[in-house]
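Down below is the structure, laid out as structure tokens.
The figures that follow rest on heavy atoms only: side chains count, while hydrogens, waters and symmetry mates do not. Numbers restart at 1 for each chain; the letters A, B, ... are given by sequence-line order, proteins then strands.
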Protein chains: 2
Amino acid sequence: MASVETKERILDAAERLFAERGFAGTSLRSVTKAAGVNLAAIHYHFGAKEALLREVFARRAAPMNQERLRRLDELETAAQGRGVPLESILDAFLRPVMHLQRDLAAEGDVWGRLIGRVYSEPVDLVEAVLKDQFVEVSRRFMDALSRSLADMPPAEVHRRMQFVIGVLTHSLTGLHRRAGLPEYGGENVDSDDSFESMLAFLAAGFRAPLRSNGASVAEEMPVKEASEG
Amino acid sequence: MASVETKERILDAAERLFAERGFAGTSLRSVTKAAGVNLAAIHYHFGAKEALLREVFARRAAPMNQERLRRLDELETAAQGRGVPLESILDAFLRPVMHLQRDLAAEGDVWGRLIGRVYSEPVDLVEAVLKDQFVEVSRRFMDALSRSLADMPPAEVHRRMQFVIGVLTHSLTGLHRRAGLPEYGGENVDSDDSFESMLAFLAAGFRAPLRSNGASVAEEMPVKEASEG
DNA sequence: GTCTATAACGGGATAGAC
DNA sequence: GTCTATCCCGTTATAGAC
């Protein structure tokens with residue numbers, strides 16, 4: 001009876017601490033302290049630290065990704081094989097994250113920061129904990145994008161999808177709210193305006209034609225006048 | 001004499017380990033082992049773990065940011081107050097990172113991964129270690145962008161600049177090379193093609209008009225029929 | 001299911017010889 | 001400048017009482 005409460009209190013506390021300090025930076029003792037439980041309770045319920053992170057993450061990610069796939073299914077059914085519009089695909093990918101982030105933030109939760117942070121944990125940890133949650137979503141959305149953007153090589157679609165994920169995770173960490181420059185306004189990342197802005201940015205970026213292979217990293221930048229070095 | 005060598009060996013080893021495992025996940029003992037030096041040598045040369053991170057980061061970031069500012073100066077001089085084109089500003093911001101990343105990667109260095117990772121360290125650490133390196137660059141580029149995009153509110157410019165940073169840092173971590181789906185090609189993030197793709201994506205995204213305030217996060221997504229793309 | 005107690009180890013930092 | 005040795009604390013994980 002109290003076991004369920006205990007388990008959820010541990011999950012809540014761990015979610016917050018992992019989000020704020022990362023995996024290595026969070027001690028199990030700090031979790032027990034924040035949750036008001038005993039150290040042994042964590043090992044009883046989860047077995048080990050890494051398994052705790054796995055459950056913390058899966059608790060939110062699983063329903064979120066189901067919702068993403070549900071929306072994509074709906075779009076593809078409606079499209080009847082004609083290819084789903086890019087904006088709709090991106091919307092189906094991004095909106096469930098934002099919904100969940102917003103709803104949980106209202107309860108004081110920090111899922112948004114966690115998902116952003118977990119992406120930058122050491123690779124081994126990510127593969128052990130996070131990868132399973134995203135394999136299907138990645139494949140399904142990549143396929144949908146490739147069909148929608150038939151002119152774009154799959155490798156390029158994949159690359160641009162990584163840009164989308166970069167924008168998403170960086171926004172979710174909300175780091176710039178404090179690390180950014182205050183004079184330009186501490187806008188909330190999860191506001192509706194911000195989501196619309198993100199969607200417009202990403203859709204336009206995704207559609208950008210590849211430039212006529214002009215400059216390369218090796219060349220200098222295209223400054224006309226001023227000399228350079 | 002050997003002191004300089006020792007100090008640089010420590011910096012090199014610490015750069016690699018911080019990049020791979022993060023700050024909290026890296027022990028000073030692991031650094032000494034990788035560098036082949038004594039534990040006390042780190043405290044002699046740097047004083048404390050956080051100061052070591054600061055020096056590791058500043059060693060690369062300082063010249064990189066000077067180069068960014070030099071390029072921006074050049075552009076603004078050439079523009080004679082007429083406003084620098086968006087693409088050139090983004091180029092000046094992004095290319096020095098890519099140059100440095102590519103040059104160091106050729107020596108087996110991992111600066112790219114470090115800069116990507118450091119951005120996702122706990123906020124307090126970022127403010128203590130990283131913020132100083134970027135205050136001037138942020139202000140200068142924000143000003144240039146706001147002048148170039150005179151129609152866009154500064155808060156929106158700031159928001160979109162965060163999107164740029166999200167794409168940049170996520171690309172630099174190179175995480176998707178392993179966590180992504182292998183069948184779509186393990187493209188190198190630092191290839192010239194990838195840089196051109198990023199620049200085209202970001203410039204187009206930055207120019208995207210704000211949508212006519214149609215949907216909001218609270219509303220449902222805009223599935224009409226199945227029409228167009 | 002929850003507790004106390006402790007094992008077994010690794011962490012950052014420092015003193016002081018050389 | 002570089003070393004050894006050590007302090008002192010925190011870490012994960014487990015054993016076993018209740």
>> As a quick check of understanding, evaluate salt bridge (Lys or Arg N to Asp or Glu O under 4.0 Å) for Glu67(B) and Arg71(B), giving each step before the final call.
In response: CA-CA 6 Å; Glu67(B) 173 64 10; Arg71(B) 286 170 181 247; 2.7 Å; yes
> Under 4.0 Å between a side-chain N or O of Ser27(A) and OP1 or OP2 of dG10(D)?
Replying inline: no
> Within this structure, what is the NZ-to-P distance between Lys7(B) and dT2(D), rounded to whole angstrom?
Replying inline: 11 Å
> Among pairs that include at least one residue of residues 164-173 of chain A, which meet salt bridge (charged side-chain N to carboxylate O under 4.0 Å, His left out), considering only residues two or more places apart or in two chains?
Replying inline: none
> Expressed in angstrom and rounded to an integer, what is the separation of Ile10(B) atom CD1 from dG1(D) atom C1'?
Replying inline: 11 Å
> Which is true for Thr26(A) with a 4.0 Å heavy-atom rule: it touches a base, it touches only sugar-phosphate, or it touches nothing?
Replying inline: sugar-phosphate
> What pairs with Ser197(B) under side-chain hydrogen bond (donor to acceptor under 3.5 Å, both in side chains), at least two apart in sequence or on another chain?
Replying inline: Glu156(A)
>> Under the rule for side-chain hydrogen bond (donor to acceptor under 3.5 Å, both in side chains), what residues qualify as partners of Arg16(B), not counting sequence neighbours?
In response: none
> Who pairs with Ser30(B) by side-chain hydrogen bond (donor to acceptor under 3.5 Å, both in side chains), at least two apart in sequence or on another chain?
Replying inline: Ser27(B)
> With sequence neighbours left out, which residue pairs that include part of residues 32-47 of chain A fulfil the salt bridge (charged side-chain N to carboxylate O under 4.0 Å, His left out) condition?
Replying inline: none
> How does protein reach along nucleotides 13-18 of chain D, written 5' to 3' as B (base within reach of a heavy atom under 4.0 Å), S (only sugar-phosphate), or - (no contact)?
Replying inline: BB----
> Looking at Tyr44(B), does any N or O in its side chain come under 4.0 Å of the phosphate oxygens OP1/OP2 on dT2(D)?
Replying inline: no
>> Nearest whole Å is fine: how far is dC3(D) C1' from Ile42(B) CD1?
In response: 14 Å
>> Quick check on dT2(C): is either OP1 or OP2 less than 4.0 Å from any side-chain nitrogen or oxygen of Thr6(A)?
In response: yes
>> I need the CZ-C1' distance between Phe23(A) and dT11(D), as an integer number of Å.
In response: 12 Å
